[in-house]
Amino acid sequence: MYQFSGKLKMLAIVLMAVGLLGTGYSFFSAPKTLEEAKEILAKQDAHHGGHEAKADHADVEHKEEAKVENHEEDSTTEEHVADSTATHTEEVAHNGEQDHSEEATENTQAQDSSAVHVAEDTTTDEAHETTTEAHAEVAAHGEDHGEAHAEHALHQMQNRPWSALYVALLFSLGITLLVLAFYGSQIVAQAGWSVVLHRVMEAISSNLHYVSLAMLVFLILTAMHMNHLFTWMGEGVTDPTSPNYDAIVDGKKWWLNTPGWLIRSIIYLTGWNVYRFLIRKWSLAQDNGDLKQHKKNYNATVIFLVFFMLTESMASWDWIMAIDPHWFSTLFGWYVLATFLVSALTVIAMVTIYLRSKGVLPLVNDSHIHDLAKFMFGFSVFWTYLWFAQFMLIWYADMPEETTYFLLRFNEYKVPFLAMVGMNFIFPVLLLINSDFKSMPWFVILGGVVILAGHYIDLFVMVMPGTVGGQWGFGIGEISGLLFFTGLFIFATFSAFAKANPVPKGNPYLHESETYHYYNIEHRGEDSNHH
């Protein structure tokens, strides 16, 4: 039997404590007022706008010079007109001997000219007043736009601690759920090779109860408008008489409404947790060798997998895709599934390697590690196929309602958006494509760390653009969320593993798993099986 060591337990508690403190600090340090948001925006502009500011200053100077030149030209024109008028007056006085009719004509022309000048002066004054009013309107519009921008940025900054916690929570929940689903798939497939890993997968899935409770609390707070992660929950969005009316969201309100969204979420979480509780209980009861119990586990798992395939897609729509309610993708449920499945297989491999190194998994050999690494490799390729299919088809079709999703991510999140492709595809494929490397624990651990980091970034890029926009970063809030749920995972997993026999003795396929050997694997280590 495995003993949960005091050091590991203390590590888990410390990680959770530090994570809670950091998360609390991120909420406390978020801006509370519009003035604080404006100060932050000013600092951002000062930091990022050096060259732009110089260019704008040069443009202003050029415009001022142009204004001065135009003013000088106008003054010269006025002086020329005045000189011409004086000369004309002198000529009229000198030629006084001309007849009365000519004088009358000239007087009439002078009066007409004076009237024209008065009209021109009046028109000029009116034009000046109109220009002044127009400038005032532009200035007022600029101020209103600045206020609106600052208020929007304030909401995004206030969303960031919630979003950081949400990403870490979703990542932990998704991995745990997919470990449970993979475990169920092995039961239904009656796979023999993985039986010695059943207790590992059961232990990891024990984390589902904790993260489901945290998820339920988060969703209830969201429904109470404690955050603004989901824009379709805004006031007046589905009211045609409201200035916040959104016709697209109004068309989806049969699905995107708060009561329905919350009820569906409760159904998802309840169903997953009920199965996990029952399968753990029945798996331990099966240790007495009762084959009827084995068939009972099989039948329950078939039902669960059908329920899982439906609810996983629906949960990905409700919890992730609904953040961008104007966008949709029929591939999204599969894409999210691939993201969490690769991560889940990686976690199974890493926990198995750790427990094997402690000598508590005597039946696990290099062939088991090799097969886990094969799954990591294969589903990394599967994830890449789905990522490329979704991105390429939307880019090629160039439909505005679809491309807006990737446009925001490519403009504001270009580095993480492109980096995750290398981390989730290029690196694991190059590292794990060699069959010999798949059975080397340190190679699997190295690839696993990069895969987990890459898929966290993948989920980060799914959530953050729709909740915080350009006000994103990787700071205390993001790190703290990861630390807390990592500590919770360690505590839940190794506590559960210590409460049961690491070998499922009653499973009818145990001997097949114990003697499993991949044909071209040369087993290494004292705890490997040699054939």
Side-chain angles (χ1 to χ4, degrees), residues 10-48 146-174 207 210-231 233-235 258 262 265 319-320 323 412-413 416 453 456-457 459-492:
M10 182 57 66
L11 174 63
I13 294 173
V14 169
L15 288 176
M16 287 190 285
V18 173
L20 281 176
L21 290 174
T23 300
Y25 174 79
S26 67
F27 277 95
F28 178 78
S29 60
K32 306 296 187 300
T33 64
L34 192 60
E35 296 303 321
E36 293 179 11
K38 289 180 178 179
E39 291 179 4
I40 295 174
L41 290 174
K43 291 179 181 178
Q44 291 177 351
D45 292 339
H47 180 70
H48 297 291
E147 289 290 325
H149 173 66
E151 186 174 357
H152 182 62
L154 173 63
H155 289 312
Q156 291 179 333
M157 294 173 191
Q158 291 175 338
N159 272 344
R160 183 175 168 184
W162 290 97
S163 300
L165 183 63
Y166 189 54
V167 172
L169 173 57
L170 272 178
F171 194 55
S172 182
L173 175 61
N207 187 47
Y210 300 99
V211 291
S212 294
L213 180 60
M215 187 69 175
L216 182 59
V217 172
F218 191 96
L219 295 176
I220 291 173
L221 292 176
T222 301
M224 294 172 62
H225 302 288
M226 299 297 292
N227 58 62
H228 306 282
L229 301 187
F230 298 90
T231 56
M233 291 185 181
E235 184 178 355
T258 303
L262 194 56
S265 299
W319 297 344
I320 303 177
I323 292 174
E412 296 284 353
Y413 294 75
Y456 170 82
I457 294 174
L459 184 60
F460 185 90
V461 173
M462 289 186 212
V463 173
M464 287 293 185
T467 58
V468 303
Q471 304 300 323
W472 68 280
F474 193 78
I476 294 176
E478 289 74 16
I479 296 173
S480 298
L482 285 176
L483 291 179
F484 175 78
F485 286 104
T486 300
L488 182 61
F489 171 84
I490 293 173
F491 184 85

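When a residue number appears, it is its place in the shown sequence, counting from 1.
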- request: On the 0 to 90° scale, with breaks at 30° and 60°, tag the Phe218-Tyr166 ring pair as parallel, tilted or perpendicular.
  value: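 Judged by the thresholds at 30° and 60°, the geometry between Phe218 and Tyr166 is parallel.
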
- prompt: What distance do Thr486 atom OG1 and Ile479 atom CD1 have between them, rounded to the nearest 0.5 Å?
  reply: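 The OG1 atom of Thr486 sits 11.5 Å away from the CD1 atom of Ile479.
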
From Glu35 atom CD to Leu154 atom CG, the distance as rounded to the nearest 0.5 Å: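 Reported to 0.5 Å precision, the distance equals 10.5 Å.
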
If every non-hydrogen atom of [X] is compared with every non-hydrogen atom of [Y], which pair is closest and at what distance?
| X | Y | value |
| --- | --- | --- |
| Met464 | Ala164 | CE-N, 3.6 Å |
| Ser163 | Val468 | OG-CG1, 3.7 Å |
| Gly473 | Arg160 | C-NH2, 3.2 Å |
| Leu173 | Ser212 | CD1-OG, 4.0 Å |
| Gly487 | Ala12 | O-CB, 3.4 Å |

Counting only pairs under 3.5 Å, give me each side-chain donor-acceptor contact of residues 13-26, with atom names and distances, residues two or more places apart or in other chains.
| unit_1 | atom_1 | unit_2 | atom_2 | d |
| --- | --- | --- | --- | --- |
| Thr23 | OG1 | Gly19 | O | 2.8 |
| Ser26 | OG | Thr23 | O | 2.6 |

Do the side chains of [Y] and [X] get nearer than 4.5 Å, heavy atoms only?
| X | Y | result |
| --- | --- | --- |
| Met233 | His225 | yes |
| Gln158 | Asn227 | no |
| Ile457 | Phe474 | no |
| Ile320 | Leu459 | yes |
| Phe171 | Phe485 | no |

- request: May I have the step-by-step check of side-chain contact (heavy atoms from CB on, under 4.5 Å) for Met215 and Leu170, ending in yes or no?
  value: CA-CA 8 Å; Met215 187 69 175; Leu170 272 178; 3.8 Å; yes

query: Between Trp319 (side chain) and Ser265 (backbone), is there a donor-acceptor pair under 3.5 Å?
result: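 Absent.
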
Donor-acceptor contact present, side-chain Ser172 to main-chain Leu169, <3.5 Å: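 No; zero donor-acceptor contacts below 3.5 Å.
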
query: What's the verdict on side-chain contact (heavy atoms from CB on, under 4.5 Å) for Trp472 and Glu478, showing C-alpha distance, side-chain angles and the deciding distance?
result: CA-CA 10 Å; Trp472 68 280; Glu478 289 74 16; over 6 Å; no

field: Partners meeting ring pair (Phe, Tyr, Trp, His ring centres under 6.0 Å) with Phe491 (sequence neighbours left out)
entry: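 Per chain and number, Phe491 pairs via ring pair (Phe, Tyr, Trp, His ring centres under 6.0 Å) with no residue.
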
- request: With sequence neighbours excluded, tell me which residues meet side-chain hydrogen bond (donor to acceptor under 3.5 Å, both in side chains) with Asn159.
  value: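 For Asn159, no residue satisfies side-chain hydrogen bond (donor to acceptor under 3.5 Å, both in side chains) once neighbours in sequence are set aside.
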
